[in-house]
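Only this structure's heavy atoms are used, side chains among them; waters, hydrogens and symmetry mates stay out. Remember, it's 1-based here, ligands and their atoms both numbered in the order they're listed. Along the sequence shown, residues are numbered consecutively beginning with 1.
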Amino acid sequence: MHLSASCVCALLISALFCEVTDSSSVSSLYGETVAIPCKNKDIKAEDIIMTKWKYDKGQGLSGDLLVRQTNQDAKVSATDEYKDRVSMAKNSSLLLSAAKLSDQRTFICMVVTATDVKEYPINLEILKVPAGLKISDKAEELAIGKLTKLGTCVAQDTNPAAKITWLKNNKPLEADGKRIVINQSLDVDPASGLSTTKSTLEYSAEKEDTDAQFACSTGSFATGELVSPALTLTITYSTENIVLQVNSQAPVVEGDNMTLKCVADGNPAPTSFNFHLKGELVKVENADTYTIVNVSRNATGEYKCSLTDDPSMEASRNITVSYLDINLSPAGRIGKPAGDPLDLTLQIDSSAKSKVSWTKDYAKLDKEPKFTKLAYSDSGFYECEVTMGPLSRKAFFELVVEGAPVIKKLSKQRTEDGKNKVLICEAEGSPKPAVSWSINGSLLTESPFVNGRITHKITVAPSENLTVSCTVSNVYGTDRKVINVSPYDSDSDQTKLVVGVVVGLLVAAVVIGLAYWVYMKKSKQGSWKTGEKEDGSSEEEKKLEEKVEENSQKAEV
Ligand SMILES: *[C@@H]1O[C@H](CO)[C@@H](O)[C@H](O)[C@H]1NC(C)=O
Ligand SMILES: *[C@@H]1O[C@H](CO)[C@@H](O)[C@H](O)[C@H]1NC(C)=O
Ligand SMILES: *[C@@H]1O[C@H](CO)[C@@H](O)[C@H](O)[C@H]1NC(C)=O
Ligand SMILES: *[C@@H]1O[C@H](CO)[C@@H](O)[C@H](O)[C@H]1NC(C)=O
Ligand SMILES: *[C@@H]1O[C@H](CO)[C@@H](O)[C@H](O)[C@H]1NC(C)=O
Ligand SMILES: *[C@@H]1O[C@H](CO)[C@@H](O)[C@H](O)[C@H]1NC(C)=O
Ligand SMILES: *[C@@H]1O[C@H](CO)[C@@H](O)[C@H](O)[C@H]1NC(C)=O
């Protein structure tokens with residue numbers, strides 16, 4: 001092209017001294033005033049006689065624009081469309097206002113000196129940047145796997161024509177004809193010659209495209225890259241996974257409120273569900289939960305949930321409602337006669353295996369208590385605890401072993417100073433027996449009532465020989481024993497006793513008689529203990545024998 005321009009020049013100017021310097025090009029923005037420089041640096045300013053601008057009209061023709069002669073203003077010589085748009089700058093540049101596409105041609109600066117004529121052709125290029133990239137016909141949402149027209153990107157009125165690329169998360173999308181289809185079209189306005197590029201993107205979304213940003217770009221365009229505002233779309237997809245959840249992490253326990261939750265994915269998420277409660281169908285709308293209050297063990301079974309609009313999307317779950325019931329017999333406070341057996345039963349009704357532990361008076365027992373023959377020491381507060389996982393139940397009974405009191409021992413001691421006597425009455429029985437003496441003494445101590453035993457001590461100061469009795473009694477009966485007390489030391493008493501044989505024998509006779517009478521009476525009635533038993537047990541008999549022996553010893557004394 002430059003070559004042909006110089007040929008034209010050569011043809012036009014027949015003068016031998018026609019010279020054409022290297023042409024170059026200059027670009028400018030559409031609509032603005034262009035300054036096209038005259039590249040005459042090789043000529044001294046004072047040598048210039050005339051500077052003239054013209055342009056290449058094609059077909060070997062040129063059009064005059066304007067001329068400037070030494071010390072004169074430039075004169076416009078153009079008569080065509082350039083007439084009102086051209087002027088010359090001091091530095092000889094051609095100033096062309098309101099540049100348009102048709103101005104893209106070769107302009108020639110001709111400089112005449114006394115000895116030479118030189119021409120400097122320059123190509124003018126006009127650039128037009130789009131006002132901005134816009135995406136129109138935007139899709140609202142993309143269904144996964146469905147080729148959908150995402151939008152059309154328009155680069156309006158450009159020069160040169162723009163080439164549009166689509167971006168996803170700032171990375172170019174390559175059309176593959178299947179998942180990504182890009183269709184680009186170009187329109188040239190016949191009047192202005194400006195190009196309008198339209199690019200349509202059809203896109204088949206994946207789940208990962210949720211929150212992806214789409215945009216279109218001109219790539220590297222004349223004045224730099226232009227990118228449209230980003231576009232984010234809703235990615236829609238149908239439910240792929242459905243799960244039935246139960247509110248509590250721990251096992252569901254009888255009496256709990258059980259909330260079933262149907263968790264399904266999909267966008268938009270499903271809003272209504274069918275709950276299948278062991279065969280019963282419940283439809284829930286605008287919620288994904290269903291609560292059964294105060295579940296009973298009957299609620300154990302298979303539960304399901306499904307989508308109302310796609311029953312094949314279904315989740316199921318077997319739910320077990322845990323329960324633990326215990327029944328302890330005896331319960332509460334119970335009184336039982338000493339010597340009797342006591343049957344203990346602990347019934348456990350539970351949904352799984354349970355563990356049992358026992359305490360007596362809050363101290364741990366190794367195993368379940370057994371009572372074949374109740375002793376006073378068996379009395380106490382018994383508690384059992386049954387546990388099954390997080391569940392725990394407690395039951396208790398308070399056992400009081402009861403019976404008529406029996407005097408185990410009646411004895412005497414001297415006080416330390418030797419002046420007085422201490423009488424000691426030891427008895428067993430429950431409830432706590434009342435202890436009384438046949439003599440006025442001062443109470444020394446009364447032991448605590450533990451395991452049915454009590455010890456009662458009094459101090460007496462006898463002024464004469466006495467027969468003192470201790471009587472113990474509660475609601476079940478009474479027992480009495482007697483002891484002889486003299487004001488003297490027991491040792492000296494014995495020696496002195498020998499002297500009063502007659503009195504002694506008399507007393508002995510009376511005592512034996514009394515003892516025999518007591519024995520006969522009690523064994524006949526058999527009522528000294530329980531008042532019911534006709535034939536006393538061997539133990540009772542032994543006790544009686546002991547008693548008689550004691551009495552006869554006294555009698556001997
Ligand atoms: C010549 O002058 C014009 C207007 O004054 C200016 O725009 C242009 O840059 C100048 N050119 C050179 C090569 O100095
Ligand atoms: C895109 O391509 C199809 C066929 O390949 C054609 O029919 C259509 O006109 C093209 N242009 C647009 C903007 O869709
Ligand atoms: C729970 O149900 C049981 C019977 O299944 C009933 O005895 C109990 O009172 C109920 N509890 C509440 C808090 O409704
Ligand atoms: C549990 O089921 C039994 C029979 O299956 C029924 O008799 C009873 O009333 C039910 N109890 C509750 C609390 O639903
Ligand atoms: C629930 O139990 C039934 C019967 O035992 C069984 O057929 C079913 O597969 C179970 N369902 C689940 C989800 O475990
Ligand atoms: C004990 O003393 C009281 C008065 O202090 C008297 O009334 C009572 O008869 C006395 N009892 C005996 C058994 O001596
Ligand atoms: C009291 O008993 C003692 C023997 O224990 C006897 O020596 C004494 O004579 C008795 N006194 C009276 C007054 O009976």
Starting from the N and O atoms of ligand 1, collect every protein N/O partner closer than 3.5 Å and put each pair on its own line with the distance to 0.1 Å.
{"from": "ligand 1", "atom 1": "2 (O)", "to": "Asn91", "atom 2": "OD1", "distance (Å)": "3.1"}
{"from": "ligand 1", "atom 1": "2 (O)", "to": "Asn91", "atom 2": "ND2", "distance (Å)": "2.5"}
{"from": "ligand 1", "atom 1": "11 (N)", "to": "Asn91", "atom 2": "ND2", "distance (Å)": "2.9"}
{"from": "ligand 1", "atom 1": "14 (O)", "to": "Asn91", "atom 2": "ND2", "distance (Å)": "3.1"}

Requested in this report: Determine whether the side chains of Asp64 and Tyr82 contain a donor N or O and an acceptor N or O closer than 3.5 Å.
Outcome: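 No donor-acceptor contact under 3.5 Å links the two side chains.
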Requested in this report: Go through the side-chain N and O atoms of Tyr55 and Asp80 and say whether any donor and acceptor fall under 3.5 Å apart.
Outcome: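 Looking only at side-chain atoms, Asp80 and Tyr55 do form a donor-acceptor pair, the distance falling under 3.5 Å.
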Query raised in the report: Could you walk me through whether Phe371 and Tyr382 pass the ring-ring contact (aromatic ring centres under 6.0 Å, His included) check?
Result: CA-CA 12 Å; Phe371 308 105; Tyr382 291 85; 5.4 Å; yes
Query raised in the report: Any salt bridge (charged side-chain N to carboxylate O under 4.0 Å, His left out) pairs touching residues 282-305, not counting sequence neighbours?
Result: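 Those involving residues 282-305 are Glu254-Arg297, Arg297-Asp325, Arg297-Asp349.
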Query - Listed once per pair and sorted, the salt bridge (charged side-chain N to carboxylate O under 4.0 Å, His left out) pairs that draw on residues 209-236, sequence neighbours left out - result: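 Those involving residues 209-236 are Lys168-Asp209.
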Query raised in the report: Is any N or O atom of Asn294, backbone or side chain, closer than 3.5 Å to an N or O atom of ligand 3?
Result: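 So ligand 3 has an N or O lying under 3.5 Å from an N or O of Asn294.
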Query raised in the report: Do Asn318 and ligand 5 have an N or O pair less than 3.5 Å apart?
Result: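 Checking ligand 5 against Asn318, an N or O pair does fall under 3.5 Å apart.
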**Report entry** Counterpart residues, side-chain hydrogen bond (donor to acceptor under 3.5 Å, both in side chains), relative to Asn241 (two or more places apart)
**Finding:**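 Asn241: side-chain hydrogen bond (donor to acceptor under 3.5 Å, both in side chains) contacts with Asp265.
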Query raised in the report: Would you find more than 12 non-hydrogen atoms of other residues, nucleotides or ligands less than 6.0 Å from Glu140 atom CD?
Result: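 Open.
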